[in-house]
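We count residues from 1, following the sequence as given. All heavy atoms count here, side chains included; hydrogens, waters and symmetry mates do not. For ligands, and for the atoms within them, numbers begin at 1 and follow the listed sequence.
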Amino acid sequence: MTAALAGRRLLVSAGPTFEDIDPVRFIGNRSSGKMGFAVADAAARRGAEVLLVAGPVHLATPAGVQRVDVRSAEQMRAAVLAALPVDAYIGAAAVADWRPRAIAPNKMKKTAGVDTLALELVRTPDILAEVAAHAARPALVVGFAAETEDVERYARGKLAAKQLDLIAANRVGVAGAGFESDDNLLTVFGRDGLARELGPAPKIQLADALLDLIAERLS
Ligand code: C5P
């Protein structure tokens, strides 16, 4: 029996962000968007009103989901904040932490004899932390943490630092899980002390299990 989400408004972010360097180059990451799209799909199947803010990905919009496409972290922030208020925010996007300070208006050229290039990067806004501290804070704010080591320590640190209700941590850099995979293994930590292993399983099943934890806490 899956817990219903009828009448609830859920906001999901998914995919990477691309931070432009010049008109042809950008800084990106390996997020496929599959986990966030699976959460949006599963939430819509449970009757929630679902808004999906998607970075640049090649995925079809799940049935019944309202989608806004963005490219950069700054655009994602604007789209997410514009969608508030919601009952729950699930930040599954792999938002770039850094962007070039300026976007070159023309393609940057190679110069003979110049062998190095320094790009100055500045921090992007932390969308998740901003939503969690917002005057219109959703009842539930859920983050993801992709870690290569010390998963629990880093995930719990983010849960506290960003004032989240739940954080779903995954090991990246292991076979059969993580960014480009259809399967994943999540450990979910809660502000309420929860520590729950989900998977290994296809991302669509993990999305459902995560929504059970979300629906329980919303009801
Ligand atoms: O701190 P870290 O980037 O590992 O945290 C990951 C979580 O924070 C994810 O839920 C991601 O969507 C969110 N995040 C964000 N804005 C950023 C960086 C991360 O919303 N600039």
Does [X] come within less than 4.0 Å of [Y], counting only side-chain N to carboxylate O?
X: Asp20; Y: Arg71; result: yes
X: Asp165; Y: Arg137; result: yes
X: Asp87; Y: Arg9; result: no

Atoms of ligand 1 close to [X] [distance to a heavy atom under 4.0 angstrom, numbered from 1]:
X: Lys158; result: 1 (O), 2 (P), 4 (O), 5 (O)
X: Gly143; result: 10 (O)
X: Thr124; result: 21 (N)

Exercise for review: Group every Ile, Leu, Val, Met, Phe, Trp and Tyr by side-chain heavy-atom contacts under 4.5 Å, then state whether Leu11 and Leu140 land in the same group.
Suggested key: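 The answer is no; the residues belong to distinct hydrophobic clusters.
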Exercise for review: Indicate if Phe18 and Val95 have the same hydrophobic cluster label, given that clusters are the connected sets of ILVMFWY residues with side-chain heavy-atom separations under 4.5 angstrom.
Suggested key: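 Cluster IDs for Phe18 and Val95 differ.
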Of all the non-hydrogen atoms in the protein, which one sits nearest to [atom], and at what distance?
atom: atom 7 (C) of ligand 1; value: Phe144 O, 3.0 Å
atom: atom 20 (O) of ligand 1; value: Leu128 N, 2.8 Å
atom: atom 10 (O) of ligand 1; value: Gly91 O, 2.6 Å
atom: atom 1 (O) of ligand 1; value: Lys162 NZ, 3.0 Å

**Study point:** From Leu128, Ile167, Leu210, residue fulfilling side-chain contact (heavy atoms from CB on, under 4.5 Å) relative to Phe144
**Key:**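 That would be Leu210; it is the only one of Leu128, Ile167, Leu210 passing the side-chain contact (heavy atoms from CB on, under 4.5 Å) with Phe144.
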Exercise for review: Look only at interatomic distance and state if Ile127 has a nitrogen or oxygen under 3.5 Å from any nitrogen or oxygen of ligand 1.
Suggested key: yes
Exercise for review: Ignoring angles and geometry beyond distance, decide whether Ala94 reaches within less than 3.5 Å of ligand 1 through its nitrogen or oxygen atoms.
Suggested key: no
Practice item. Report the residue from Arg46, Arg196, Arg217 that forms a side chain to side chain donor-acceptor pair (under 3.5 Å) with Asp212. Key: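 Of all the options given, the one that passes is Arg46.
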**Study point:** ligand 1-proximal atoms of Asp97, by part, heavy-atom distance under 4.0 Å
**Key:** side chain
Review point. What part of Pro125 sits under 4.0 Å from ligand 1 if we count only heavy atoms: the side chain, the backbone, both or neither?
Key: backbone
Exercise for review: Mark the output for Ala93 as yes if a heavy-atom distance to ligand 1 is under 4.0 Å, and as no if none is.
Suggested key: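 Ala93 counts as a contact of ligand 1 under the 4.0 Å cut-off.
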Review point. Under 3.5 Å, is there a donor-acceptor pair between the side chain of Thr17 and the main chain of Ala96?
Key: yes
Exercise for review: Pick, from Val80, Asp126, Val142, the option with the minimum heavy-atom distance to atom 15 (C) of ligand 1.
Suggested key: Asp126
Review point. Looking at side-chain heavy atoms only, is the closest gap between Phe189 and Glu152 below 4.5 Å?
Key: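 Yes, at least one pair of side-chain atoms sits under 4.5 Å.
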